[in-house]
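Letters go in sequence order (proteins before strands), and every chain restarts at 1. What you see is a predicted model, and the numbers here were worked out from it, not measured in a lab.
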2 protein chains.
Amino acid sequence: MSIPHTRQSTERLLTPGEVASLFRVDPKTVTRWATAGRIGSIRTPGGHRRFRESEVQALLATLTTEASTADAR
Amino acid sequence: MSIPHTRQSTERLLTPGEVASLFRVDPKTVTRWATAGRIGSIRTPGGHRRFRESEVQALLATLTTEASTADAR
DNA sequence: CTTCAATGGGGTAATTGGGGGA
DNA sequence: TTTGTCCCAATTACCCCATTGA
């Protein structure tokens, strides 16, 4: 258990557009991921979303499939 | 109930720029939040704004949504 | 007193959100 | 089922320069 403290001032946040660029998708798609709960988000008081860079990187790594590292080089 | 524990010694004040960094927005945006009454602010005699760290942290926590722990593909 | 980064105010461009449909 | 696109309204970002704060 133990709920992790939300005390990370060094946590870099990304805009929807930046995340969209990383995944090569439309910003709207990123919005849907957030709505569907596939990725955590931080909303500004105005309603716009920001995403944790570490979480985005982790998601990218999770969805990344590498080819066998047989002797490729 | 009233709260006699007014620990202002622990009450740090943040500048617009610091709050902006936490939300990954422009300092001007934080100013608009204060003007719109979305966040409480303290004005210096010169007109500059300062924000209560506890209030900012609380607001940040409220607007934060964690990703679903279940991996639905 | 001098310096200089940060802030406020105003105005304008860019991004985002939400609904709906392809 | 997921994504991209069009609509419009709201929010946010960047430009100017005078003032404040340290």
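Separating the CG atom of A:Leu13 from the P atom of D:dT12 is a distance of 14 Å, rounded to the nearest angstrom. Remark: C1' of C:dG19 and CG of A:Asp26 are 15 Å apart, rounded to the nearest angstrom. Distance B:Leu63 CG to D:dT12 P: 11 Å, rounded to the nearest Å. Atom-to-atom, CZ of A:Phe51 to C1' of C:dT16 comes out at 10 Å; the value is rounded to the nearest Å. Between the CZ atom of B:Arg43 and the P atom of C:dT7 there is a distance of 13 Å, given to the nearest Å.
Of all the heavy atoms in A:Val30 and A:Pro16, the pair that sits closest is CG2-O, 4.0 Å. In plain terms, the two heavy atoms of A:Thr44 and B:Phe23 that are nearest each other are CA-CD2, 4.4 Å.
Across all strands shown, A:Arg32 has heavy atoms under 4.0 Å from base atoms, whether or not it also approaches the sugar-phosphate.
One finds no side-chain N or O of B:Thr15 lying less than 4.0 angstrom from the OP1 or OP2 phosphate oxygen of C:dA6. The phosphate of D:dT2 has neither OP1 nor OP2 within less than 4.0 Å of any side-chain N or O from A:Trp33. Taking only side-chain nitrogens and oxygens, B:Arg38 comes nearer than 4.0 Å to OP1 or OP2 of D:dT11. A sub-4.0 Å separation between OP1 or OP2 of C:dG17 and a side-chain N or O of A:Arg49 is present.
In this structure, the separation between CG on B:Leu59 and CZ on A:Arg43 is 13.0 Å, given to the nearest 0.5 Å. How far CD of B:Glu11 is from CD1 of B:Ile42: 7.5 Å, rounded to the nearest 0.5 Å. Between B:Ser41 atom OG and B:His48 atom NE2 the span is 13.0 Å, to the nearest 0.5 Å.
Side-chain atoms of B:Arg50 and B:Leu14, non-hydrogen and from C-beta on, never get closer than 4.5 Å to each other. Between A:Leu13 and A:Phe51, every side-chain heavy-atom pair lies at or beyond the 4.5 Å cut-off.
At a cut-off of 3.5 Å, with distance as the only test, a side-chain donor of B:Arg32 or B:Thr29 sits close to an acceptor on the other residue.
End-to-end axis angle of the helix from C:dT3-D:dA22 to C:dG19-D:dC6, using five pairs per end and rounding to 10°, comes to 60°.
In this structure, the nucleotide among C:dG18, C:dT7, D:dT5 sitting nearest to the side chain of B:Pro27 is C:dT7. With distances taken from any side-chain atom of B:Thr29 to the nucleotides C:dT7, D:dT5, D:dA13, the minimum falls on D:dA13.
If you check D:dT2 for Watson-Crick or wobble pairing at under 3.5 angstrom, you find it has no partner at all.
Ion pair B:Arg12/B:Glu18 not flagged as a salt bridge, since none of the NZ, NE, NH1 or NH2 atoms sits closer than 4.0 Å to an Asp/Glu carboxylate oxygen.
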Under 3.5 Å, which N/O atoms of the protein pair with N/O atoms of nucleotides 16-21 of chain D?
residue: D:dG21; atom: OP1; partner: B:Thr44; partner atom: OG1; Å: 2.8
residue: D:dG21; atom: OP1; partner: B:Gly46; partner atom: N; Å: 3.0

